[in-house]
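First the structure, in the form of structure tokens, and then the observations on it.
Letters A, B, ... mirror the listed sequences (proteins, then strands); counts begin at 1.
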Amino acid sequence: MIDPKLLRKNPDAVRDSLRRRRMDMDVQALICKDETRRDLQKRGDDLRSHQKRRSEELARAMRMKVNTDTLRAELRDLSAQIGALEEEQRKADAEFESEALLYPNVLLPDVPDGATGDDNPVVATWGEKPAFAFPPKPHWDIGERLGILDFERAAKIARSRFTALLGAGARMERALISFMMDLHAGRGYTEVWPPFLINAASLTGTGQLPKFRADLFKCEDVDLWLAPTAEVPVTNLHAGEILSEEALPIRYAAYTPCFRAEAGAAGKDTRGMIRQHQFDKVELVKFCRPEESEAELEGLRADAEEVLRRLGLHYRVVVLSSGDTGFASAKTYDLEVWLPGQNAYREISSCSTFTDFQARRAMIRYRPKGGSPALVHTLNGSGLAVGRTLVAILENFQQADGSVMVPDALRGYMGGLDRLTSA
RNA sequence: GGAGGGGUGGCCGAGUGGCCGAAGGCAAUCGCCUGCUAAGCGAUUGAACGCUUAAUAGGUGUUCCCCGGGUUCAAAUCCCGGCCCCUCCGCCA
């Protein structure tokens, strides 16, 4: 959530960030709701204060056994007034909050201005595009020919946008998860295996709800939703807590399946396993002091990049422009892996700092030395999207004969297998 | 699924209608004492929101004893609903 004090004291900072995001929201209306809310609180506070004092008088009068009829009548009336006012106050609070929850995070000043993904500047590149003596195939061709990807049967048992992995494909998915988790665990991240179903409060804490309800799968009859990313359960691990300063920064790595309704993506990436209702991802999540968060974002990006480097996959890094930056994020780097079968770079990791936006929603705080509790900064990044990593391996390491070389880093996780063949 | 017990501050734990933001203990911080450490002695130590303020300093008001309703002039305390935890039984992986 945006900071109500910032909204009050520097509404132009909020307006400017919205303009850069290419979003049009009625900031003045929100400010009015805030004022209504505060006015009602003041009036209620004063009335309650008065009521308290008169109630004490009544108690005293009753002890002295004097007639209290007038006082009781006055207090009954006061109580009714307060009740009515509190009803109004509840309504005003709810109105302010439901509107405030729809405001995106305020962008960091160094986020480049731009309308869409086409405006994202490339800030780094690693490796080179592999050269092929033949036209490289897309992964769905490679995978089906090898018998390791089955889209038709997956659609039969579920629906479209699901994939069944078979044999060495299934083995490689599992190998990638282990490889990534071992790598991050060895670099200072604590492994987490969280619940994959989470409640609405958690989804509100990280920013998926209320705005992005349509992107989520929900269980019937209970307040449980399929996690769209490990970001949600892992960030909310510390919801409502006051962390000790010495514990920071906290760094977690978690594997989870991710479930997304892909409501707005009809007709997009329909072939292959680029955009699925279910996919595996290893996620990195950090909690830190505000002054550390910029450095932690760079570290997060480096940790995600390390996975691609060890696998030998060519990629580039972009900073998302202002119009392309996600709702909860203040600044985001995307890692884009080269996919020769599609002659394109595709997002394989997204690393963001959320500044205090999620911390305020989920009430995640720490106690600075000698001070009162302050909001932490939260960050997260994919390290990496496992399905897309599998896609990248198939497309980048495909051979003329239809086989696929297994990256060195993965062979130990696949019983020494060095090549996927259709045999 | 059945039966019972329980959710109070950083932790433990008292509190069955007003004098309770809450006894007592632990922990922590500061000070005294001390060759050092421990012990001992004294003091301090919850959060949110609002008003005030340059201030996340100070002052001040309100709210908060799991959550939401109700009774009452007044609720941590009484009543109803929900959530969560524990124990036993059943069932299951």
Side-chain angles (χ1 to χ4, degrees), chain A residues 1-10 13 30-101 193 195-205 219 221-225 233 236-248 289-291 293 355-356 359-377:
Chain A
M1 197 155 72
I2 56 162
D3 182 358
K5 292 196 179 101
L6 178 72
L7 179 75
R8 228 172 284 158
K9 286 178 187 154
N10 192 1
L30 185 63
I31 292 172
C32 287
K33 284 177 180 171
D34 182 45
E35 276 167 8
T36 305
R37 202 198 103 231
R38 282 185 293 150
D39 178 56
L40 284 165
Q41 175 173 348
K42 180 94 185 82
R43 283 162 57 199
D45 282 358
D46 290 346
L47 269 185
R48 271 185 297 268
S49 179
H50 181 59
Q51 177 192 40
K52 248 181 158 171
R53 256 172 282 125
R54 298 295 273 168
S55 276
E56 279 159 19
E57 277 173 44
L58 174 65
R60 238 177 292 130
M62 283 168 67
R63 269 195 301 272
M64 295 190 303
K65 307 231 192 297
V66 298
N67 186 295
T68 57
D69 290 354
T70 343
L71 193 47
R72 289 183 102 97
E74 180 195 324
L75 276 165
R76 227 189 315 275
D77 183 56
L78 195 54
S79 180
Q81 277 184 55
I82 288 171
L85 204 58
E86 282 178 345
E87 180 58 38
E88 259 188 272
Q89 199 187 336
R90 259 194 302 277
K91 235 182 273 170
D93 282 348
E95 264 183 50
F96 172 76
E97 193 186 72
S98 61
E99 177 77 13
L101 283 174
W193 196 283
F196 301 158
L197 300 187
I198 67 245
N199 59 34
S202 296
L203 286 156
T204 306
C219 298
D221 302 328
V222 280
D223 175 31
L224 285 172
W225 308 60
N236 281 287
L237 232 33
H238 294 300
E241 296 184 10
I242 300 173
L243 304 163
S244 80
E245 188 171 25
E246 303 82 71
L248 300 177
R289 299 182 302 160
E291 57 270 32
S293 67
T355 56
D356 61 12
R360 184 171 296 106
R361 289 173 160 238
M363 281 297 276
I364 308 168
R365 294 174 293 172
Y366 76 106
R367 190 179 294 279
K369 249 180 276 307
S372 50
L375 297 168
V376 300
H377 278 193

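Pair check for A74(B) finds none; no Watson-Crick or G-U wobble contact set falls under 3.5 Å. Look at C20(B): it lacks any Watson-Crick or wobble partner with both distances under 3.5 angstrom. Under the Watson-Crick or G-U wobble criterion, with both distances below 3.5 Å, A54(B) has no partner in any strand shown. In a base pair of the Watson-Crick type (N1 to N3 plus N6-O4 or O6-N4) or a G-U wobble (N1-O2 and O6-N3), with each distance short of 3.5 Å, G81(B) is matched with C67(B). G90(B): no Watson-Crick or G-U partner with both key distances under 3.5 Å is found in any strand. With both pairing distances under 3.5 Å, U29(B) is matched to A43(B) as a Watson-Crick or G-U wobble pair. When both distances must be under 3.5 Å, the Watson-Crick or G-U wobble mate of U37(B) does not exist. Within the shown strands, C49(B) is the pairing partner of G61(B) under the Watson-Crick or G-U definition, both distances less than 3.5 Å.
Look at K42(A) and you won't find any side-chain N or O under 4.0 angstrom from OP1 or OP2 of C49(B). For R60(A) and C73(B), the shortest distance from a side-chain N or O to OP1 or OP2 is not below 4.0 Å. Between C51(B) and R38(A), a contact under 4.0 Å exists linking OP1 or OP2 to a side-chain N or O. Considering only side-chain N and O atoms, S79(A) lies under 4.0 angstrom from the phosphate OP1 or OP2 of A74(B).
Just one of E56(A), H50(A), K52(A) meets the side chain to side chain contact (heavy atoms under 4.5 Å, CB included) condition when paired with R54(A); it is H50(A).
I198(A) is not listed as a side-chain neighbour of N236(A), based on a closest heavy-atom distance of 4.5 Å or more. Using a 4.5 Å heavy-atom threshold, the side chains of P290(A) and D356(A) count as separate. The closest side-chain heavy-atom distance from R360(A) to P4(A) is below 4.5 Å. The shortest side-chain heavy-atom distance between Q81(A) and R43(A) does not fall under the 4.5 Å cut-off.
Here the C1' atom of nucleotide G9(B) and the CD atom of E241(A) are 16 Å apart, to the nearest Å. Spacing between atom CD of Q51(A) and atom P of U72(B) amounts to 14 Å, rounded to whole angstrom units. When the P atom of U56(B) is taken as reference, atom NZ of K5(A) falls 7 Å away, rounded to whole Å. Taking atom CZ of residue R365(A) and atom C1' of nucleotide U56(B), one finds them 13 Å apart after rounding to whole Å. Between N199(A) atom CG and C67(B) atom P there is a gap of 16 Å when expressed in whole angstrom units. As rounded to whole Å, 7 Å separates atom C1' of A48(B) from atom CE of M363(A). Rounded to an integer number of Å, the gap from CG of L71(A) to P of G18(B) is 18 Å. For the pair E57(A) CD and C19(B) P, the interatomic distance rounds to 15 Å; values are reported in whole Å.
Residue contacts shown for R37(A) are limited to sugar-phosphate atoms, with no base heavy atom under 4.0 Å away. Residue S55(A) is classed as a base contact, given a heavy-atom separation below 4.0 Å to a base. The residue P373(A) sits close only to the backbone: its heavy atoms come under 4.0 Å of sugar-phosphate atoms, none of a base. Among the heavy atoms of the strands lying under 4.0 Å from R367(A) are primed sugar atoms or P, OP1, OP2 only; no base atom is included. At the heavy-atom level, R76(A) lies under 4.0 Å from the strands shown only through sugar-phosphate atoms.
Only the C1' atoms considered, U53(B) is 12 Å distant from U60(B), to the nearest whole Å. Comparing the P positions of U29(B) and C83(B) gives an interatomic distance of 42 Å, to the nearest angstrom. Nucleotides G7(B) and C66(B) are separated by 6 Å at their C1' atoms, to the nearest Å. Of the P atoms belonging to C67(B) and U77(B), the separation is 11 Å, rounded to the nearest Å. Of the C1' atoms belonging to G9(B) and C88(B), the separation is 32 Å, rounded to the nearest Å. Atom C1' of A55(B) sits at a distance of 24 Å from the matching atom of U44(B), rounded to the whole Å. Taking atom C1' on both G13(B) and A27(B), the two are 14 Å apart, rounded to the nearest angstrom. Taking the C1' atoms as reference points, G17(B) lies 45 Å from C91(B), given to the whole Å.
A donor-acceptor distance shorter than 3.5 angstrom exists from the side chain of D223(A) to the backbone of A200(A), with no hydrogens or angles considered.
Looking at the side chain of S49(A), the nearest of the listed nucleotides U62(B), G69(B), U56(B) is U62(B). For M62(A), taking side-chain heavy atoms from C-beta onward, the closest of the listed nucleotides C73(B), U63(B), U56(B) is C73(B). Nearest nucleotide to the side chain of K9(A), out of G69(B), C73(B), U56(B): U56(B).
Mapping E86(A) and R90(A) onto RNA chain B via the closest heavy atom, the residue that lands nearer the 5' end is E86(A). Annotation: of the two residues near RNA chain B, L58(A) and D46(A), the 5′-most nearest-nucleotide partner is D46(A).
How far CD of E35(A) is from CZ of F96(A): 10.5 Å, rounded to the nearest 0.5 Å.
Contact record, M62(A) with R72(A): SD-NH1, 3.8 Å, taken as the closest heavy-atom pair.
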